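These values consider heavy atoms only, across backbone and side chains, with no hydrogens, waters or symmetry-generated copies. Note that the coordinates shown come from a computational prediction; the quantities given were computed from them, not determined experimentally.
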There are 4 protein chains.
Amino acid sequence: MIKDKIKTSKPQEKSQRARKSEVTRKRILDASAELFGEQGYFATTLRQIAKRAKIDAGSIYYYFDSKDEILDEVMEIGIRAVADAVKEAVDALPDTTTNREKLEAATKAHLNTLLKFNAYTSANIAIFAQVSSEAQNRNRKLRQDYAAYWHELFDAAQKSGEISPTTDLSLVRLFLLGSINWSMQWYDPKKKSIDELALSFCEMMFDGISGANTEC
Amino acid sequence: MIKDKIKTSKPQEKSQRARKSEVTRKRILDASAELFGEQGYFATTLRQIAKRAKIDAGSIYYYFDSKDEILDEVMEIGIRAVADAVKEAVDALPDTTTNREKLEAATKAHLNTLLKFNAYTSANIAIFAQVSSEAQNRNRKLRQDYAAYWHELFDAAQKSGEISPTTDLSLVRLFLLGSINWSMQWYDPKKKSIDELALSFCEMMFDGISGANTEC
Amino acid sequence: MIKDKIKTSKPQEKSQRARKSEVTRKRILDASAELFGEQGYFATTLRQIAKRAKIDAGSIYYYFDSKDEILDEVMEIGIRAVADAVKEAVDALPDTTTNREKLEAATKAHLNTLLKFNAYTSANIAIFAQVSSEAQNRNRKLRQDYAAYWHELFDAAQKSGEISPTTDLSLVRLFLLGSINWSMQWYDPKKKSIDELALSFCEMMFDGISGANTEC
Amino acid sequence: MIKDKIKTSKPQEKSQRARKSEVTRKRILDASAELFGEQGYFATTLRQIAKRAKIDAGSIYYYFDSKDEILDEVMEIGIRAVADAVKEAVDALPDTTTNREKLEAATKAHLNTLLKFNAYTSANIAIFAQVSSEAQNRNRKLRQDYAAYWHELFDAAQKSGEISPTTDLSLVRLFLLGSINWSMQWYDPKKKSIDELALSFCEMMFDGISGANTEC
DNA sequence: AATGAATGAGCGTTCATTCAT
DNA sequence: TATGAATGAACGCTCATTCAT
């Protein structure tokens, strides 16, 4: 809708109007992401979204064609946000970084985005399973791309010998990301920092918890 | 409601009426558990439940006071079901069984209940995060008991030296159960059996994936 | 919906419930027909219908799946009502009746149904042109049947010599029924009785208004 | 609104502004007339009108105070258009023309305006019965003037003996114009030309369809 | 033990309208 | 001269719930 019009205006000098419009649009999306994450998609009403975005419920339809369209955009932003955060974190590391360290950085970034910084990502992870399969499918490509990026990280670690050659990389990825995503349901910032948690996760995954290890 | 009446009747010779009533009641709960698991709590309507239970929507209120009461009972049954299955599986093991083997058996039992046998458990795990905090609280005690049971298993393993003494047992429990529960979102029975999956999870947790291990 | 259930119940002894249900259903249809005729389809709201039918707006959906379904049923009843009234009127005539007299009787019956007796017929004639083409199509078959019946009447009159052999019967039918239907927009019962009006219409159609006729 | 301003500006040299304004205003009216005719008044939204007129929905309010005001103007233009067309057609006839021929010319002109040339007239005839009685009343005076003009034509024909002295002229006028207006609902240009149709109508009205006529 | 009828609050959505720019 | 943003009332419709039978 409006989005298109804004993008076609000259980039260097956006009118005040266009800027205000963008701000309102973002307020709606922000409110939606928060509420979807807190209550789920179906339990969230457009009137709640409108109230939190400080506009009238009818006005939402100036920016979006339907509640479903909001959902799609929230979910898309959510996946892009983690993916970007993770890639950025990994890219920022020096060349000398080991692959295990890269995976640790990725885990930290994912966990921080999910638990602290990004309501869109929380919403995506929280509600994906409960929305219609159509809505899921619209988000699937981005999720697969993100999974593929993690696979590369794991693959590099295996190739360099940091992960045992017999390890099923797909399974271990699902194992790690499952744990991470599930932490949404129990994480309490008062008890442990997010970065510590991420490192603990990686340590468990890499070294295991077996008491026999120490016998080496 | 009816539930109470049934319990006060003599246990050995239930009238046919009472038995039929129980059957209908169970049909409603079964239908609810299935639908909650498939679609979520809010997306499921009482009419859908009634249809699947083959009764009239109004009749549900003969057995339950509200949709929320159905939710509570489904969730309770769900947690009890996994807890029972896990305990039974562990209890059935011979005395010579190692603690690691007990944890493996527990994992298999949890995973089988969740992914194959019990719609109530699937529903519980799938919808817990999306229902009201009141409903969550009503289920919390049972969940804590179940967590405590797992903790015992981990604790015994640590005491026996099978788990390193520095391991944070609470964290590792959340790590393992998070992975397991999350598998609901991606598990495909055509690719791997549930028991194999359970063993893979335990192996990763105990032994880790590090390539350095092999250097011992 | 409900309609089906009622029909499957034993015809000889309808329960009080079923009868009450039928009454409510009819109240909704009656109210709809009246309002559609008075205000048009789009200007009529379900809340107005509910108010006139003395039920709650939501209750309408116990009997009908949508506003459109009400429309369909109102339109169907409307056409059937005129068709039945016209056929009955013609059938009631003795064998000695001329074809012109039959056409006069048909005209009277149509006009009375439209202007006096049947809100459904008024609604049908008034709103047909303004509803969606889908709704029109659903009503089309019945309208064609009704038109065919009129055609038979005209055809018989032409065959018997009461109508000139060169007359285009389709056109004259449209001419007559157009005039009749249009009378909805101007007819005032205080000025002329419906039966008189019908006869005037037929006289004009048969004999024309030309002053030259009298010269015969 | 703007209309007034335009009229007060000097007629011979309208500013370009004023002219552009008039053009836009006409675009809105044209779009409205078309849509009202196609879909009815209530089914037509201001956004549809705006889209067809290639302006923004809000801009309509620069030219009109309300949707109802557009309706009034469309309806007024519609009646004036037929009235003018009919009068022009009759005035163009030579002095030797018979009154019947004048009525035929009037019928042709009305029918052509309605079915071919003028969206405003189509809209007026199509939607008059469905708009509020207030809106109808605002259009009534013009309609009565137009009816009076037809009455004059009929009256002259009766006075000259071309119409039988016993004919109820008001009724015959309603009869003819009803048929004509109703033809909107069934006329198909592929089957018969408008002029032929008009002549057929007049022939039926004047000469009747009776087979007995030929016996003269 | 169960149903059919009905309710009423609230849902997602639409639409005529307003107004600052 | 015209627009983009926003409003708020009302729309068709859904749903958990009630209740007489």
Side-chain angles (χ1 to χ4, degrees), chain A residues 1-2 5-6 15-18 20-21 23-25 42-50 54-68 70, chain B residues 2 5 16-18 20-21 23-25 42 44-50 55-68 70, chain C residues 1-2 5-6 15-18 20-21 23-25 42-50 54-68 70, chain D residues 2 16-18 20-21 24-25 42 44-50 55-68 70:
Chain A
M1 315 192 67
I2 271 305
K5 291 180 195 163
I6 292 168
S15 74
Q16 242 183 300
R17 267 199 178 179
K20 197 194 168 198
S21 174
V23 167
T24 306
R25 195 169 198 283
F42 290 105
T44 299
T45 71
L46 285 172
R47 282 166 178 83
Q48 288 175 328
I49 293 172
K54 291 182 201 305
I55 53 162
D56 191 279
S59 308
I60 292 177
Y61 284 82
Y62 182 73
Y63 295 95
F64 300 94
D65 282 335
S66 67
K67 192 184 174 189
D68 237 62
I70 301 179
Chain B
I2 265 301
K5 292 178 199 164
Q16 251 184 297
R17 271 208 163 184
K20 199 196 166 193
S21 174
V23 168
T24 307
R25 194 168 202 284
F42 289 104
T44 299
T45 72
L46 283 176
R47 274 173 177 79
Q48 287 176 328
I49 293 171
I55 54 160
D56 191 280
S59 309
I60 291 178
Y61 284 83
Y62 180 75
Y63 298 95
F64 300 93
D65 281 337
S66 67
K67 193 183 173 189
D68 239 61
I70 301 179
Chain C
M1 316 192 65
I2 270 306
K5 290 180 196 165
I6 292 168
S15 72
Q16 241 183 300
R17 265 199 178 177
K20 198 195 168 198
S21 174
V23 168
T24 307
R25 195 170 198 282
F42 290 105
T44 299
T45 72
L46 285 172
R47 282 165 178 84
Q48 288 175 330
I49 293 172
K54 292 183 201 305
I55 53 162
D56 191 278
S59 308
I60 292 177
Y61 285 82
Y62 182 73
Y63 296 95
F64 300 94
D65 282 335
S66 67
K67 191 184 175 189
D68 237 62
I70 300 179
Chain D
I2 266 302
Q16 251 184 298
R17 273 206 162 184
K20 198 196 168 192
S21 173
T24 306
R25 196 168 199 284
F42 289 104
T44 299
T45 71
L46 283 176
R47 276 173 176 78
Q48 288 176 327
I49 294 171
I55 54 160
D56 190 280
S59 309
I60 291 178
Y61 284 82
Y62 181 76
Y63 297 96
F64 300 93
D65 282 336
S66 68
K67 193 184 173 189
D68 238 60
I70 301 180

Would you mind pulling out the nucleotide paired to F/dA20, Watson-Crick or G-U wobble, both distances under 3.5 Å?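 Paired with E/dT3.
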May I ask which nucleotide in the shown strands pairs with E/dC11, Watson-Crick or G-U wobble, both distances under 3.5 Å? F/dG12
Rounded to the Å, how far apart are [X] [atom1] and [N] [atom2]?
X	N	atom1	atom2	answer
D/I49	E/dT14	CD1	P	18 Å
A/Q48	E/dG12	CD	C1'	13 Å
B/F42	E/dC11	CZ	C1'	14 Å
A/I60	E/dG12	CD1	P	9 Å
C/Y62	F/dT17	OH	P	19 Å

Between [X] and [Y], what is the shortest heavy-atom contact and its length?
X	Y	answer
B/I60	B/L46	CD1-O, 3.6 Å
D/R25	D/F64	NH2-CE2, 3.4 Å
A/A43	A/Q48	O-OE1, 3.5 Å
B/S59	B/I55	CB-CD1, 4.0 Å

Could you check which of [options] has an atom nearest any side-chain atom of [X]?
X	options	value
D/D56	E/dG12, F/dG4, F/dT7	F/dG4
D/L46	F/dC13, E/dT3, E/dA16	E/dA16
D/Y61	E/dT18, E/dT13, F/dC13	E/dT18
A/T45	E/dC11, F/dC15, F/dT17	E/dC11
C/S21	E/dA5, E/dT7, E/dA1	E/dA5
C/K67	F/dC13, E/dG4, E/dG12	F/dC13

Between A/S59 and F/dA5, does any side-chain N or O lie under 4.0 Å from OP1 or OP2?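 So the side-chain polar atoms of A/S59 never come under 4.0 Å of the phosphate oxygens OP1 or OP2 of F/dA5.
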Given that D/A57 and C/A57 both sit by DNA chain E, which one's nearest nucleotide is further toward the 5' end?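 It is C/A57 whose nearest nucleotide is closer to the 5' end.
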Closest-nucleotide mapping onto DNA chain E: is B/G58 or B/R47 further toward the 5' terminus? I mean the 5' end.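 So the residue in question is B/G58.
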Judged by nearest nucleotide, the residue sitting upstream toward the 5' end of DNA chain F, D/I55 or C/D68, is D/I55
